[in-house]
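One structure is given here, and the rest of the page talks about it.
Atoms considered below: every heavy atom in the structure, side chains included; atoms not considered: hydrogens, waters and symmetry mates. Worth saying up front: this structure is predicted, and the values here are computed from it rather than measured.
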Amino acid sequence: MKSPRAVRFAFQPLYSLHTGGVVAHEALARPGHGTVAELLTQARREGRLAEVDLGLAIAAVRQDETSLPLHLNLSARTLGAPLAMFDDLLAELGDAGRRTRDVVLELGPPFSPLPAERALSGMRALADLGFRLALDGLGRGDLPLSLLIEAPVDLVKLDRTVLRGLPDDPASVAVAEAMLHYTTRTGTRLVATGLETDAQLDAVRGLGIRIAQGNLLAPPTAAGPAPALLTRAPAVAAPGPAPCVGDFLRPATTLPETATCDEVREVLAAADAPSGVIGVDELNRPRWSVDRTRFLVAVTGPYGHALHAKRPAARLADAPHTIEARAGAMEFLELVTDADWGRTGDDVVVVDDTGRCLGVVLVTEVVRGVAEAKVEAAAALNPLTRLPGSDTVARDVARRITIGEAFVAAWLDIDAFKTVNDTAGFAAGDDLIRELGAALTSLSGGLRRMRVSHVGGDDFLVVCDVDEIATVAGALLDRRWSADGLPVTVSLATLVCGSGSIRSYQEVSRLLAPLKKRAKSVPGSSWVLSRPGAERVEVLRGIGTRGLQAAAG
């Protein structure tokens with residue numbers, strides 16, 4: 001069997017889709033013959049899986065020539081190995097000048113051969129050594145949900161097999177949205193892998209996934225650095241989850257809190273010097289922060305070296321500004337404002353919930369990211385009502401169809417709107433549309449499952465739970481609408497979709513069209529209702545409703 005020492009490695013970057021910067025890179029083994037899977041299968045048959053698996057990790061560290069956070073792949077089976085087997089990896093990291101906190105161990109399938117409790121025990125032991133952990137291949141392997149719930153991981157990597165259906169496959173969109181919800185609630189980060197097309201990249205950005213990897217962005221390379229910045233411009237996307245501090249994370253350069261000024265100066269004087277250094281204690285908690293420019297001015301000025309060289313760097317350092325990774329970007333900016341930080345160019349230290357340093361962010365990058373997110377969100381809103389376009393309802397309908405959830409889709413329209421404009425004027429017509437939009441916005445604020453879209457002109461789409469539609473209809477139809485004193489009526493067409501009764505958003509749209517026409521044929525403000533596959537149309541509101549409803553039956 002080929003020795004891991006003879007295996008070459010290519011390195012593929014992971015990009016932040018907010019800053020465009022490389023946040024880490026992954027070491028990918030390239031055996032001279034066969035594949036890594038074949039190499040590990042043979043090792044398992046010989047009873048040497050953990051030995052070879054860790055040997056590959058050691059070889060990757062040896063071949064890495066960057067200071068970026070490094071992702072190393074390990075088989076989940078290796079979690080069952082005695083902790084002493086990791087000593088050589090720890091020694092190699094020490095020789096390379098790396099700390100375990102700069103390394104992410106990506107644990108990949110299969111998971112089932114190892115009992116869940118043993119796998120969790122192995123993960124906790126590696127986390128105690130300072131490693132950060134990721135679950136790799138989600139959607140491709142056999143990862144049990146119970147392990148996903150309990151595993152002490154920082155990242156989850158969604159497999160390319162799940163994402164290849166983007167942007168058109170509703171099931172792929174639903175799975176990505178579900179995992180994004182999970183990572184948002186748990187404070188972990190979601191990585192989209194295997195991106196191959198611009199359409200996939202736009203879809204991932206639109207969903208709100210913040211970290212991505214794939215040949216579209218940069219292929220694995222054994223020589224030369226990957227592009228340092230992602231320059232592909234995002235398409236205008238529907239508003240996604242608000243960015244959090246962790247989305248802007250950069251690698252931190254750290255030294256022990258006991259480091260001398262000479263040791264800090266040596267790091268900051270290098271050709272690829274960082275903007276600052278963080279002093280950390282034995283638990284990797286930040287104790288002080290040094291800005292490159294201010295520090296070098298102090299130690300290189302008259303008598304600077306003689307005064308400071310052998311003394312603790314802490315004497316020239318500032319107290320670190322810290323924030324938790326899961327904090328929202330807006331919360332971060334509010335904290336900066338409230339604290340009146342005068343040095344907004346300094347690194348801000350990002351910590352986990354135990355206070356350990358995860359990396360740094362720059363205030364300027366967070367400001368830019370929030371501004372970009374607001375621009376994208378604003379571009380997707382109707383200028384009259386500030387409501388999103390049809391994509392919002394389309395995604396929610398697709399999600400409900402995918403998980404087999406009953407729902408109601410509704411189309412609201414102003415009757416004879418052209419006459420309203422011709423009689424009361426365009427300004428009055430615009431005011432009426434704004435008023436309708438405000439009413440729908442207020443309703444959606446009280447009905448947590450309701451989604452609203454303004455699809456243009458005087459047309460609005462609504463999707464909600466079945467038990468919410470009566471509240472929606474009552475609020476819209478019981479109100480007396482007018483445009484500059486001219487009485488106005490509205491029509492509401494609703495389609496009640498039971499679980500499995502509808503196949504797509506496009507089908508919903510097609511079935512709503514004749515219902516809208518029927519609603520507009522009913523005098524007064526009207527409400528009609530039907531179901532997929534049913535010929536019967538119920539007229540629930542309108543002048544002379546009883547007679548019309550009987551005729552409809």
Side-chain angles (χ1 to χ4, degrees), residues 1-12 14 23-31 36-37 39-44 46-111 113-114 118-137 151-155 157 220 222 251-256 280 282-284 356-359:
M1 183 177 68
K2 181 176 281 294
S3 165
R5 291 177 177 273
V7 175
R8 302 300 301 168
F9 285 83
F11 296 88
Q12 186 171 36
L14 286 76
V23 295
H25 64 179
E26 178 183 359
L28 300 170
R30 297 287 188 261
V36 175
L39 186 68
L40 294 177
T41 298
Q42 184 179 348
R44 179 173 57 80
E46 297 173 357
R48 302 176 57 232
L49 175 61
E51 175 189 341
V52 173
D53 205 15
L54 289 167
L56 288 170
I58 291 168
V61 174
R62 191 172 293 133
Q63 293 183 35
D64 177 39
E65 297 179 352
T66 74
S67 58
L68 285 168
L70 177 64
H71 286 227
L72 301 173
N73 290 287
L74 287 182
S75 167
R77 285 189 176 102
T78 301
L79 291 170
L83 198 58
M85 291 194 70
F86 288 81
D87 287 348
D88 288 344
L89 175 59
L90 294 171
E92 189 65 39
L93 288 171
D95 291 344
R98 280 191 173 274
R99 297 176 175 85
T100 52
R101 58 182 171 268
D102 300 323
V103 176
V104 177
L105 300 180
E106 294 191 10
L107 307 170
F111 291 87
L114 195 65
R118 193 171 179 188
L120 285 170
S121 175
M123 289 186 201
R124 292 178 186 125
L126 293 175
D128 288 342
L129 289 175
F131 289 108
R132 290 189 290 154
L133 305 178
L135 292 173
D136 192 15
V153 297
D154 294 285
L155 296 98
K157 299 188 78 173
T253 299
T254 61
L255 287 173
V280 296
E282 67 279 0
L283 296 179
N284 197 35
R356 295 180 303 176
C357 175
L358 298 176

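Put simply, CG on L83 and CE on M85 are 11.0 Å apart, with the number rounded to the nearest 0.5 Å. Here the CG-CG distance, from L70 to D102, works out to 9.5 Å after rounding to the nearest 0.5 Å.
Here D88 pairs with I58 under the side chain to side chain contact (heavy atoms under 4.5 Å, CB included) rule; sequence neighbours left out. Applying the side chain to side chain contact (heavy atoms under 4.5 Å, CB included) test to L114 and every residue at least two apart in sequence or in another chain returns L79, R118, A119. Under the ring-ring contact (aromatic ring centres under 6.0 Å, His included) criterion, H71 pairs with no residue at all, not counting sequence neighbours. With sequence neighbours excluded, the residues satisfying salt bridge (charged side-chain N to carboxylate O under 4.0 Å, His left out) with D64 are R98.
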Output side-chain donor-acceptor pairs under 3.5 Å for residues 120-132, partner residues at least two apart or in another chain, one line each.
from	atom 1	to	atom 2	distance (Å)
R132	NE	R101	O	3.3

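The closest side-chain heavy-atom distance from L14 to E26 is below 4.5 Å. Counting heavy atoms from C-beta on, the side chains of H25 and P69 never come closer than 4.5 Å.
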side-chain contact (heavy atoms from CB on, under 4.5 Å) for R99 and L93? Distances and angles first, verdict last.
CA-CA 6 Å; R99 297 176 175 85; L93 288 171; over 6 Å; no
Test log, rule side-chain contact (heavy atoms from CB on, under 4.5 Å), inputs L56 and L72:
CA-CA 9 Å; L56 288 170; L72 301 173; over 6 Å; no
Show the numbers, then the answer: is there a side-chain contact (heavy atoms from CB on, under 4.5 Å) between N73 and L28?
CA-CA 8 Å; N73 290 287; L28 300 170; 4.0 Å; yes
Decide yes or no on side-chain contact (heavy atoms from CB on, under 4.5 Å) for L74 and L54, but give the supporting numbers first.
CA-CA 7 Å; L74 287 182; L54 289 167; 4.0 Å; yes
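Between P110 and A76, the shortest heavy-atom contact is O-CB, 3.5 Å. Heavy atoms only, all atoms of each residue included: A60 and F11 are closest at O-CZ, 3.9 Å. Scanning both residues, P152 and L133, for their nearest heavy atoms gives O-CD1, 3.8 Å.
Within the 3.5 Å criterion, the main-chain N or O of V7 finds a donor-acceptor partner in the side chain of Q63. Within the 3.5 Å criterion, the main-chain N or O of E106 finds no donor-acceptor partner in the side chain of D136.
Here side-chain hydrogen bond (donor to acceptor under 3.5 Å, both in side chains) pairs that include residues 74-85, with residues two or more places apart or in two chains, are D53-T78.
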